[in-house]
Q: 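Got a structure for you, questions after.
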There are 2 protein chains.
Amino acid sequence: MNSRTPSFDDLDRKITTALMANARTSFAEIGAAIGLSATAVKRRVDRLRETGVITGFTATVRPSALGWRTEAYVEVYCEGAAPPRRLAEVVRNHPEITAAMTVTGGADALLHVRARDVEHFEEVLERIRTEPFIRKTISVMVLSHLLPDSPEAGATQAAPE
Amino acid sequence: MNSRTPSFDDLDRKITTALMANARTSFAEIGAAIGLSATAVKRRVDRLRETGVITGFTATVRPSALGWRTEAYVEVYCEGAAPPRRLAEVVRNHPEITAAMTVTGGADALLHVRARDVEHFEEVLERIRTEPFIRKTISVMVLSHLLPDSPEAGATQAAPE
DNA sequence: AGTGAAACTGAGTGCGG
DNA sequence: CCGCACTCAGTTTCACT
């Protein structure tokens, strides 16, 4: 589930890069760029989806346009041992949590939170704090972004072996 | 640039949500779901793109499938005042930095970094550390994700007013 | 702003190399 | 695994309400 997909060649890499840049690029156009027919490109894309390299196609949205103007990272400290399974349940209770992961360092988990404004963020934070085994939280508010909104969930290029 | 787009109604919200879930949903299908013709849906999508609500369509990729198996957040501390402009330049020098922002708290900036493995991450870190006015870094390695790969860059729903 | 119809472009598939 | 040819579905534009 975590290993490098076998037989992922240079053409697959170029196709993937093209679709990350614009998911609506036609197979014919991609094919023209890399010297393949639209059919061949389609078949490769199908295979990339089957093997889980490409997990989906989404529209990227400017969060502020939807009313999400406040963003923060929240370090979470738990009472005693924090089983990741229980943590995952807790996390799913709060739709404002857009990413959550276990991490090294003092904290048990790191959450990415979006809220409408600071008032809303405070409310979310209090809600999280009342969860059973959460002992402490440390929040870091995001002030401004130094890169254009990158697809945080994925690197923009394929890494060489 | 940061304000709520005017005349963003309920239909726009539903269309946006549908395209975030699957950027390839046809206009006809979206229209059928919300009681609009494909033509009307297309015009609204065009407008959503022009007004910057929707910034693009991308394929979501499982980073490990592309060889990015290591992920970390790096807090950056600068010498004296750290002008965001200069920081942005620095950040652009390192393709492994997939997100960067200025933040509240002790650190001046927070970076999201992807690397092939721990060795590669160490190399990236040393490269970042040699940048002119970077005084100190604190790294937090990501161990496991508690949510399915959410589109970190955007909330999955529109926020109510 | 919305609809419906016409023209066009791309997706999906079967077949042959 | 690739390309070609065909069919069908979706996009795009236009005239109209």
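For clarity, every value in this text was computed on a predicted model and none was experimentally measured. Note on naming: letters A, B, ... go to the chains in the order of the sequence lines (proteins, then strands), and numbering restarts at 1 for each one. Side chains are part of it too, since the values below use all heavy atoms of this structure and drop only hydrogens, waters and symmetry mates.
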Q: Going from CD on A/E123 to CD on A/E96, what distance comes out if it is rounded to the nearest 0.5 angstrom?
A: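 Output value for this atom pair is 6.5 Å.
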
Q: Quick check: do A/T51 and A/F8 have side-chain heavy atoms less than 4.5 Å from each other?
A: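 No, side chains not in contact.
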
Q: Once side-chain contact (heavy atoms from CB on, under 4.5 Å) is applied, do any residues pair with B/D46, and if so which ones, sequence neighbours excluded?
A: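 With neighbours one apart ignored, the set is B/K42.
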
Q: Answer yes or no: is there a side-chain heavy-atom contact under 4.5 Å between A/T70 and A/H120?
A: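 No; the side chains remain at least 4.5 Å from each other.
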
Q: Contact boundaries of DNA chain D with chain B (under 4.0 Å, heavy atoms), 5' to 3'?
A: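 The footprint of chain B covers D/dG10 to D/dC14.
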
Q: Going by the rule side-chain hydrogen bond (donor to acceptor under 3.5 Å, both in side chains), which residues pair with A/T25 if we only count those two or more places apart in sequence or in a different chain?
A: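 For A/T25 there are no side-chain hydrogen bond (donor to acceptor under 3.5 Å, both in side chains) partners, ignoring immediate neighbours.
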
Q: Where each residue is assigned the nucleotide of DNA chain D containing its nearest heavy atom, which of B/T25 and B/R43 is assigned the position nearer the 5′ end?
A: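 Looking at the nearest nucleotide for each, B/T25 comes out on the 5' side.
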
Q: Are B/L11 and A/L66 connected in a single hydrophobic cluster, I mean Ile/Leu/Val/Met/Phe/Trp/Tyr linked by side-chain heavy atoms less than 4.5 Å apart?
A: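 Cluster IDs for A/L66 and B/L11 match.
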
Q: What donor-acceptor contacts under 3.5 angstrom involve side-chain atoms of residues 27-36 of chain A, with partners at least two apart or in another chain?
A:
none

Q: Kindly list each side-chain donor-acceptor pair under 3.5 angstrom involving residues 138-148 of chain A, sequence neighbours excluded, with atom names and distances?
A:
residue : atom : partner : partner atom : Å
A/S144  : OG   : B/T102  : OG1          : 2.8
A/H145  : NE2  : A/E71   : OE1          : 2.8

Q: Return yes when atom CD of B/E79 has more than 12 non-hydrogen atoms of other residues, nucleotides or ligands closer than 6.0 Å, and no otherwise.
A: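 Count over threshold, so yes.
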
Q: Between the two end axes of the helix from C/dA1-D/dT17 to C/dG17-D/dC1, each built from 5 base pairs, what angle do you get to the nearest 10°?
A: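 Both end axes considered, the difference amounts to 30°.
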
Q: Using a cut-off of strictly less than 4.0 Å between a heavy atom of the residue and any atom of DNA chain C, enumerate the qualifying residues of residues 29-42 of chain A by number.
A: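 Those residues whose heavy atoms fall under 4.0 Å from DNA chain C, taken from residues 29-42 of chain A in numerical order, are A/T39, A/K42.
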
Q: Which atom pairs, donor and acceptor, lie under 3.5 Å between side-chain atoms of residues 85-94 of chain A and protein residues at least two apart or in another chain?
A:
residue : atom : partner : partner atom : Å
A/H94   : ND1  : A/R127  : NH1          : 3.2
A/H94   : NE2  : A/E131  : OE2          : 2.8

Q: Please list, in 5' to 3' order, the outermost nucleotides of DNA chain C lying under 4.0 Å from any heavy atom of chain A.
A: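 Using the under 4.0 Å cut-off, the span is C/dG10 to C/dT13.
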
Q: Got a sec, which residues hit side-chain hydrogen bond (donor to acceptor under 3.5 Å, both in side chains) with B/D12, two or more places apart in sequence or on another chain?
A: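 Here the qualifying residues are B/R44, B/R47.
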
Q: Under the side-chain hydrogen bond (donor to acceptor under 3.5 Å, both in side chains) test, which residues partner A/T137, sequence neighbours left out?
A: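 Residues passing side-chain hydrogen bond (donor to acceptor under 3.5 Å, both in side chains) with A/T137: A/R129.
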
